[in-house]
Each structure stands twice: as structure tokens, then as C-alpha cells.
Amino acid sequence: MSTEQKNLQEIIKFRLEKLDKIKAAGFNPYSYNYNKVDHIADIIHKGEKSVGSFVKTAGRMVSFRKMGKASFTHVQDNESKIQVYLKNDLLPENIYDSIVRNLDLGDIIGVSGELFITKTGELSIKADDLTILSKNIRPLPNLKEKDGEAFNAFEDKELRYRHRQLDLIANPEIKSIFKKRAKIISTVRAFLDTNGYIEVETPVLQTVYGGASARPFTTHHNTLDQSFYLRIADELYLKRLIIGGFEKVYELAKNFRNEGMDRNHNPEYTSLEYYQAYSDVFEMMDFTENLFRDTADKTGELKFEYSGHTIDLSKPFKRKSMFDLLEEYCGADVSSMDTDALKKLAKEKSLEIEDDLNYGQVLDKIFGELIEPHLIDPVFVTDYPKAISPLAKEDRNGNLDIVERFELFICKTEFANAFSELNDPLEQRRRLESQAKLRELGDEEAQIVDENFLQAMETGMPPTGGVGIGIDRLVMLLTQQQSIKDVILFPAMRTED
RNA sequence: GACUCCGUAGCUCAGCUGGUAGAGCAGUGGCCUUUUAAGCCAUUGGUCGUGCGUUCGAAUCGCACCGGAGUCACCA
């Protein structure tokens with residue numbers, strides 16, 4: 001969209017002329033500060049009881065009706081909006097002619113005055129003074145509305161995401177999603193903090209990326225003349241802290257994955273990982289369940305509708321083995337099948353399976369296609385194949401093909417992934433070396449041998465339980481949003497032009 | 001990456017069986033000292049996402065490209 005559009009240029013030109021008129025009259029159209037005494041929501045909240053009292057507030061003009069020597073405007077602040085009556089006679093000398101006549105939709109003003117009820121019954125401020133705080137020179141989207149319903153609503157998703165500030169002005173209810181996001185994050189932090197966890201920060205720029213199976217972003221440091229990767233996970237560094245003697249650590253920060261984008265994936269996303277020494281995946285299951293329940297409870301409701309399903313986080317989360325689920329939904333005992341038998345099963349269920357997939361990949365595929373769509377109520381799925389879990393400990397009961405791992409599913413979506421963390425340095429080395437072989441065979445997402453990590457583990461890592469949670473998805477669930485773009489203020493977009 | 005849909009004025013949209021672009025809001029000028037989608041009168045504004053093609057003629061038909069949304073595939 002060109003910025004050279006003549007109509008837009010003309011609107012801007014007229015606003016610049018008004019700006020000059022305000023300056024010429026001796027007023028600064030871009031003030032340094034304003035003593036905003038009252039929040040509009042507080043004024044509205046008091047309602048008719050406040051009539052006759054004097055208030056002083058500020059906000060953005062979102063409606064403007066001029067009638068010669070008097071005007072009405074609605075001023076919108078962080079949480080609410082109120083009508084302001086601007087009357088020539090009631091304002092100080094020169095304010096009406098020099099400022100009010102040069103105001104536009106989108107200007108930010110400060111006003112003071114007495115509260116009254118208009119003829120049509122709306123609580124309003126009868127302005128006895130007005131200060132212009134910021135002059136708008138670029139028009140806002142249409143803000144016409146009646147009874148809270150917008151006409152010509154600003155709902156083009158591309159414009160809303162690219163120009164989020166306009167979205168927040170035109171659709172102020174969107175702010176509640178991001179306020180809730182902030183509350184979810186602070187509640188999660190508080191939960192971990194009160195349970196003795198220490199929040200840490202580990203490198204975003206990594207020379208060897210690891211801790212997950214994904215393709216990274218690559219960048220370059222000039223002074224070191226060396227490539228760096230933006231982290232795909234913070235797992236390996238957090239384990240080094242466990243080895244160093246922190247017994248409970250967590251990091252709540254962004255990861256970056258150079259992969260597909262859709263309503264569940266943004267290239268940069270917020271992840272939470274927490275690790276507890278001397279623990280295992282089963283204890284972490286209890287803890288994670290409590291974390292989810294506590295967060296939902298303190299930020300909203302435990303029971304809600306999402307994607308057409310009723311989700312109830314107050315009930316105990318189910319716990320099921322992947323093999324039991326496969327038996328339940330496929331009617332086949334998969335536990336004794338080898339890779340070929342699994343492939344045969346997949347083909348019977350008319351899944352497309354590439355020939356070069358290994359045991360774990362086939363099982364994962366079958367699970368994703370045939371089981372995940374059934375997982376509505378919260379369920380911890382356990383017993384994952386070792387081949388797709390290179391950082392998890394083998395099953396303690398002697399099944400060498402599976403590991404101690406869970407993924408938490410709610411409403412068909414994965415929310416958490418956890419292991420009894422592998423702490424045997426020799427086994428860890430074998431696992432990463434076998435990943436390296438997969439990589440040589442062309443698996444771009446296979447993990448890399450991180451020698452520093454392996455040396456750290458050789459120092460001795462206590463048994464540890466670790467969990468990763470996709471925070472954006474948690475926010476989606478608890479705010480009932482269907483797209484990750486609606487819980488990220490500035491989702492990744494291709495550049496225009 | 002594949003498929004489907006979308007892209008016309010600052011915003012929301014109409015026009016699309018091809019005949020050379022319209023509305024509402026916003027803007028501008030005027031009237032208006034309790035309006036609220038304020039009203040009344042007048043009025044500005046668009047190389048119809050970009051390019052190529054078909055045609056006497058393209059916003060409209062075709063192809064390619066750019067951008068977006070949705071669905072699917074892989075990853076959280």
C-alpha cells in the first residue's frame with residue numbers, strides 16, 4: 001500500500017495546517033506531561049453518584065461532533081471512555097477557537113471539569129479546561145459505533161497485525177487478551193517462585209543449538225567473526241545449571257524456530273522450561289497439573305468452552321500410555337510391533353508413510369493422525385519411543401524402546417513436554433551421535449552433538465525432571481483464542497512491497 | 001510446501017455475464033452553544049495489489065508474481 005496516496009496526503013496536509021495554527025496560538029501540541037488525576041473507568045464506575053464532582057483526566061479522542069460553538073467528544077483511555085462537552089463559554093479564553101476548532105479524531109487531550117448528565121442521559125464531563133497533549137496527523141480507522149457495536153469495524157487481520165496500535169485503539173476489547181496474557185505469565189512465575197524455583201536467563205545466541213528437534217535461525221557476530229544460532233530451546237543450558245547445583249530452575253523466554261507458520265506456530269514464541277533435581281517425570285506431572293490448574297483458576301475460570309468443547313481443568317488430568325491409547329483408538333496392540341509392522345498398520349489406516357521413517361517417526365505419525373484428534377480432556381500421554389526422545393531416560397521397568405516422557409494434550413493440542421532427564425553421560429553421547437547420523441542422512445531437524453553439554457553431564461547430573469510449556473498456546477487456551485497471532489502483539493509477517 | 005478464498009478512496013464495502021469507477025464514514029468549505037452512527041448544504045479524493053496477455057476496449061476474462069486469511073503436511 002503506497003504512502004503516496006493523494007487522499008491520505010491531503011488529510012495529513014490539513015492536519016499539519018491545524019498543527020501550525022495551534023502552535024501559532026502559543027500552544028505546544030506535543031506536551032511534556034499532564035497531571036491525569038482520574039482514570040475514566042473509575043469515573044464511569046461511580047456513575048450518577050459522581051455528578052457534580054470535578055474530575056481531571058486524559059485520553060484519545062475517538063468521536064467528535066462539532067456544532068459551531070459547542071462540541072462533544074469521547075475520550076478513550078487505557079480501560080474506558082467518557083463523553084466530554086466542550087463549550088466555548090465554559091472554556092478559558094481562546095481555547096475553543098485556537099484548539100478545539102483544530103482538533104481531530106485521534107488527538108490526545110487532557111480535560112478537567114464537572115460531571116453532569118446530558119439530555120440524552122449520558123454521564124459526561126463539562127470541560128472547564130482543555131490541553132492538547134498530542135496532535136494526530138495520520139487518520140485512524142473508522143470508529144463509528146452505536147450501543148457498543150462498531151460500524152465498518154476495523155477487522156482486516158493483516159492491518160490489525162501489521163498496525164497493532166490501531167487495532168488496540170479501534171478494538172479496545174482486544175487489550176483484555178493481552179492483559180490476561182500478562183496475568184497468566186505473572187501467575188506462572190509466582191507459582192514457580194513460591195515453589196522454590198529460581199528464574200534464570202541463558203543465552204539466546206548459541207554456538208551450538210540443541211534441546212529440541214527443529215531448524216534454527218542463523219546469525220553472525222562480527223567481532224568474533226563467528227556464526228551464532230538463535231536458540232530453539234534452552235534445555236541444555238538449564239541442565240548445566242542443574243549440574244552446577246541449582247536444584248530448581250526455570251526460564252520463561254523466547255525460542256526461535258525456522259519452520260512453518262500457522263495458527264499454532266510463530267517463528268519466535270514464548271516457552272517455559274523448568275527443571276527440578278532429584279525429581280522425575282511423574283512428580284513433574286503432578287506439579288504441571290497443579291501449575292495449569294492454579295493459573296487457570298487465578299486468571300479466569302477452570303471450566304470453559306474452547307474450540308467447541310467444554311474444557312474442565314478442575315477434574316484430575318487423565319494419564320495414559322501411548323500404547324494404551326493406540327489400542328483404544330486403533331484396536332491394535334502396538335507394543336510388540338516392529339517398524340515394518342507399524343508401517344503396515346499405518347497403511348491399513350490409510351496414512352501416508354514415507355519409506356525412510358524409523359520406528360519412532362512412524363509411531364509418532366500414527367499417534368498424531370489417529371490419536372491426537374481424540375484428546376479433548378487434559379491427558380498426560382506417556383511412554384514415548386526412544387528414537388524421537390534423545391534427551392529422555394529409558395523406561396525404568398526395562399523396556400529399552402521407550403522413555404520416561406509425557407506430553408500434555410488438551411483439546412487436540414500439545415501443551416507440555418517433559419522427561420525424566422537422561423543423566424547418563426555415556427548413553428547421552430550415544431543418543432546424540434545417533435542423532436548426528438540421522439542428520440547426515442538428511443534429517444535437518446536431528447539434534448547436534450554438543451560437546452560442552454556432554455562434558456557438563458560427565459561432571460555428574462543428578463536425576464532430574466524437566467518440563468517445557470508453550471506459553472502462547474496456554475494463553476490461547478485460557479483466552480479462548482484460535483490463532484497464535486491473536487495472543488502475540490506483533491506476530492511475524494512478511495514485509496510489505 | 002500443496003490446495004481454497006481474498007486484495008477497488010484513509011476505513012468499511014458495492015461494481016466483476018468486458019464499454020473506461022460508486023456509496024457510507026473520514027476529510028475540506030459553510031450553517032449550527034446538549035450531540036451521540038449528530039444533522040443540513042456544497043465538495044476533494046482512486047494508474048481498481050503488480051506485471052504480462054486476450055480484446056476495438058479489462059476493476060471485470062486468462063497466466064505469472066506480490067501480500068493476506070483459511071485448510072492440510074512438519075515442528076511447540
Side-chain angles (χ1 to χ4, degrees), chain A residues 1-15 17-18 62-74 83-91 96 104-106 116-122 124 126 138-147 149-163 166 170 212-215 232-233 255-273 351-352 354 361 364-365 368-369 388 407-408 413-417 443-445 468-474 476 482-485 493-497:
Chain A
M1 214 153 299
S2 167
T3 51
E4 302 303 313
Q5 298 291 346
K6 198 175 172 189
N7 189 36
L8 177 57
Q9 290 307 111
E10 223 168 59
I11 292 172
I12 290 174
K13 191 192 83 185
F14 283 121
R15 297 209 174 171
E17 284 172 7
K18 290 176 181 175
V62 292
S63 77
F64 197 23
R65 293 176 291 282
K66 293 186 261 192
M67 299 166 299
K69 294 191 174 70
S71 304
F72 286 90
T73 177
H74 274 94
Q83 182 170 253
V84 178
Y85 181 44
L86 301 165
K87 189 176 168 186
N88 185 31
D89 297 347
L90 300 175
L91 289 165
Y96 200 91
D104 287 292
L105 280 173
F116 76 113
I117 306 281
T118 64
K119 268 185 191 169
T120 50
E122 182 169 349
S124 307
K126 192 177 285 181
R138 185 173 290 273
L140 299 178
N142 244 319
L143 297 174
K144 293 283 182 183
E145 56 135 308
K146 187 182 187 181
D147 302 329
E149 200 167 325
F151 290 77
N152 304 328
F154 184 65
E155 54 194 16
D156 182 294
K157 289 193 170 178
E158 179 173 3
L159 293 175
R160 287 184 46 222
Y161 298 147
R162 284 193 194 280
H163 310 285
L166 297 179
S213 301
R215 281 174 292 165
I232 59 172
N255 287 339
F256 306 84
R257 296 192 183 178
N258 207 338
E259 314 232 357
M261 296 162 63
D262 61 29
R263 70 165 197 273
N264 282 315
H265 299 88
N266 194 62
E268 58 178 292
Y269 70 99
T270 303
S271 122
L272 167 68
E273 290 195 26
L351 298 181
E352 282 183 34
E354 293 119 66
Q361 289 168 323
D364 200 41
K365 174 95 178 174
E369 292 287 332
I388 56 168
E407 290 193 346
L408 170 60
T413 306
E414 182 193 335
F415 281 84
N417 179 25
D443 182 352
E444 282 186 79
E445 290 174 355
I469 292 177
I471 291 293
D472 308 283
R473 289 186 182 177
L474 177 60
M476 284 167 66
Q482 299 298 323
S483 169
I484 199 168
K485 287 187 167 75
M493 303 281 276
R494 206 185 289 268
T495 50
E496 291 175 283
D497 299 329

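Rounded to whole Å, the separation between the C1' atoms of B:C3 and B:G22 comes to 34 Å. Remark: the separation of the P atoms in B:A69 and B:U28 is 34 Å, to the nearest Å. Going from the C1' atom of B:C48 to that of B:U20 covers 12 Å, rounded to whole Å. Comparing B:A58 with B:A21, their P atoms sit 12 Å apart, to the nearest whole Å.
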Are any protein N/O atoms closer than 3.5 Å to N/O atoms in nucleotides 29-32 of chain B? If there are, list each pair with its distance.
residue	atom	partner	partner atom	Å
B:C32	N3	A:Gly68	N	3.2
B:C32	N4	A:Gly68	N	3.2

Under 3.5 Å, which protein N or O atoms sit close to an N or O of nucleotides 48-50 of chain B? Give each pair with its distance.
none

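Considering only the side chain of A:Glu369, B:C74 comes nearest among B:U35, B:C74, B:C75. Residue A:Tyr161 has its side chain nearest to B:A69 when only B:U35, B:C75, B:A69 are considered. In the set B:G68, B:G24, B:G27, B:G24 carries the atom at the smallest distance from any side-chain atom of A:Asn142. Distances were taken from every side-chain heavy atom of A:Met493 (C-beta onward) to each of B:A69, B:C75, B:U34; the shortest belongs to B:A69. Closest to the A:Phe72 side chain, of the nucleotides B:U33, B:C74, B:U34, is B:U34. Among the nucleotides B:A37, B:G10, B:U12, the one closest to any side-chain atom of A:Leu159 is B:U12.
One atom, NZ of A:Lys13, and another, C1' of B:G10, lie 15 Å apart when rounded to the nearest Å. Across the protein-nucleic acid pair, A:Lys485 atom NZ and B:G68 atom C1' stand 9 Å apart, rounded to whole Å. As rounded to whole Å, 12 Å separates atom C1' of B:U33 from atom CZ of A:Phe116. A:Arg160 has its CZ atom 18 Å from the C1' atom of B:G7, to the nearest Å. Rounding to whole angstrom units, CD1 of residue A:Ile11 and P of B:C25 are separated by 14 Å. Taking atom CZ of residue A:Arg138 and atom C1' of nucleotide B:A26, one finds them 15 Å apart after rounding to whole Å. Rounding to whole angstrom units, CD1 of residue A:Ile12 and P of B:G27 are separated by 14 Å. Rounded to whole Å, the distance from CG on A:Asn152 to P on B:A23 is 15 Å.
With sequence neighbours left out, A:Glu145 forms a salt bridge (charged side-chain N to carboxylate O under 4.0 Å, His left out) with A:Lys81. Legend: residues meeting side-chain hydrogen bond (donor to acceptor under 3.5 Å, both in side chains) with A:Asp262, ordered by chain and number and at least two apart, are A:His265. Remark: A:Glu259 engages no residue in a side-chain hydrogen bond (donor to acceptor under 3.5 Å, both in side chains) (not counting sequence neighbours). Residues satisfying the salt bridge (charged side-chain N to carboxylate O under 4.0 Å, His left out) criterion with A:Glu268, sequence neighbours excluded, are A:Lys254.
A donor N or O paired with an acceptor N or O is not found under 3.5 Å between the base of B:G46 and the side-chain atoms of A:Asn7. Residue-to-nucleotide contacts include a donor-acceptor pair under 3.5 Å from the side chain of A:Gln83 to the base of B:U35. If you check distances only, the side chain of A:Asp262 does reach the base of B:C74 with a donor-acceptor pair under 3.5 Å.
When the side-chain nitrogen and oxygen atoms of A:Arg162 are compared with OP1 and OP2 of B:G68, one or more of them lie within a distance under 4.0 Å. Contact between the side-chain N/O atoms of A:Arg263 and the OP1/OP2 oxygens of B:U71 is found at a separation under 4.0 Å.
Heavy-atom contacts from other residues, nucleotides or ligands closer than 6.0 Å to CD of A:Glu149 number 12 or fewer.
Under the Watson-Crick or G-U wobble criterion, with both distances below 3.5 Å, B:A2 is paired with B:U71.
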